[in-house]
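Following: one structure in structure tokens, then a few remarks.
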Amino acid sequence: MSVIKVAILGFGTVGEGFYRTIQSHAEELKAVLGKKVEVAAILIKNKQKERDISSDVLVTTEFEDILNLPQLDVVVEAIVDKDPTYIYLRKAIERGSHIITANKEMFAHYGQELLELAKTHHVSVGYEATVAGGIPVIQTLRQLLNVNRVQQVQGILNGTSNFILTEMREKKLSFTEALRAAQENGYAEADPTNDVEGFDAFYKAMILSRLAFSEEPNWDAVERTGITSITSELIETAGRLGLRFKHIASIKKFGKQLKVSVEPVLVGNEHPLYHVEGVQNAVNISSDIVGQITLQGPGAGMFPTASAVIEDLVYVCQNRPDSEGFQSTSDTIASPEEGQHEENWLITGFKHATNDVIKMIDHIEDGTWIAKAKKEEMKELSRQNLGVVYFPIIGEYEGRHILTRLA
Ligand code: HSE
């Protein structure tokens, strides 16, 4: 084989970005792979649409045409839906092609099946573009997992939500105005509910969980909260306390218990996620040998995602699929059970002067408090007091004196 033949499924932002990058970086690809990369075919939905595709590429609406190509080394999937995409990728693997996907929802649902099937057919699976756009988090975790034991992965995994929270704070926009700006910039999913209600970040968290811990939690047990309840007033109050709202996916292991959450969190300015703004994503990995690593970069967009896909192309062509390294599945170092250690919380809507559930450490303004409490105690407080809303604070909380200092 002197040429690597690739098929692309879908010609939206990701598919087109990948196609254009193969052309713009043909020399680099040839140098690293020792072979020319050629796009043999592209699967599209609508034949009438104008596209800038070379005439020697087969453009088809039939997946069977792609399977019937005489040579098909890699299938790159950049379609949004999970069905029938999964079936397409199964067929590609069974035909003996490596696969690369950017489809987080599909991979969260069927990734394990595809990885197992690929193993039996001695081909590789690239899925870097499913999580955090252009950030090489999958490769980093693969690399770390050879010997390190990962204890926690915490990240801003949805560019749209981060963009909205940043715009609301910096430009004093309402949630609706900021969402419209995200849509105009092309960051949001076709249905932005997936972004703002945390489904997109949830799927990405499940993919990371499988990779980092070789398991994922029961999906129903994951606390998933979006950003739709974050008002301009809350953002303003947080700002006065030196805190910023970030939508954070967190995957950690307490002894044998895997705990995953996707929720708005208040972040202090010492924390590595505090300065991650706009459409940027970031992932903070804690592991036992190296300590903490934070990766930050563009979480969405044509070329950041194309960068992840093109690097996957090199990965699948060079990887020896039968030589996957040892992956530690040991328990992480024992620590208190989730919910059993004290954290700082911002509480709003609490009208009483005292309570017998938790210790309030700062009174900010009418109904707004900072407390130091266990998560279970916060849940109890909100059960007893309708209208109470609370958010965890991570990183340094400077305390009430910051209000005086900034006044
Ligand atoms: N809608 C997604 C986001 C695109 O905003 O992060 C990249 O997965």
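Every number for a ligand or one of its atoms is a count from 1 in the order of the listing. Note that these values count all heavy atoms, side chains included, but never hydrogens, waters or copies made by symmetry. Start at 1 with the first residue, then count along the sequence.
- Pairs of residues two or more places apart, or lying in two chains, that qualify as ring pair (Phe, Tyr, Trp, His ring centres under 6.0 Å) and include a residue from residues 6-50 are Phe11-Tyr19.
- In this model, no donor atom of one side chain and acceptor atom of the other lie less than 3.5 Å apart for Asp288 and Gln151.
- Of the candidates Gly299, Gly301, Gly186, Gly159, Gly299 brings a heavy atom nearest to atom 7 (C) of ligand 1.
- Counting atoms of ligand 1 from 1 in the listed order, those under 4.0 Å from a heavy atom of Asp195 are 1 (N), 2 (C), 3 (C), 5 (O).
- Among pairs with a residue in residues 130-160, none fulfils ring pair (Phe, Tyr, Trp, His ring centres under 6.0 Å), at least two apart in sequence or across chains.
- Contact of the Lys259 side chain with the Glu223 side chain is registered, since non-hydrogen atoms from C-beta on lie closer than 4.5 Å.
- Atoms of ligand 1 found under 4.0 Å from any heavy atom of Thr160, numbered from 1 in the order shown, are 1 (N), 3 (C), 5 (O).
- Close contacts of ligand 1 with Glu189, meaning ligand atoms under 4.0 Å from a residue heavy atom, involve 1 (N), 2 (C), 4 (C).
- Near Lys204, meaning under 4.0 Å from any of its heavy atoms, are these atoms of ligand 1: 6 (O), 7 (C), 8 (O).
- Counted by atom type alone, Gln139 and Gln143 present zero donor-acceptor pairs between their side chains at under 3.5 Å.
- Counting atoms of ligand 1 from 1 in the listed order, those under 4.0 Å from a heavy atom of Lys104 are 2 (C), 4 (C), 7 (C), 8 (O).
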- prompt: Could you go step by step and tell me if Cys317 and Asp73 meet the side chain to side chain contact (heavy atoms under 4.5 Å, CB included) rule?
  reply: CA-CA 9 Å; Cys317 291; Asp73 302 301; over 6 Å; no
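- Set against the non-hydrogen atoms of Tyr187, the atoms of ligand 1 under 4.0 Å away are 1 (N), 2 (C), 3 (C), 4 (C), 5 (O).
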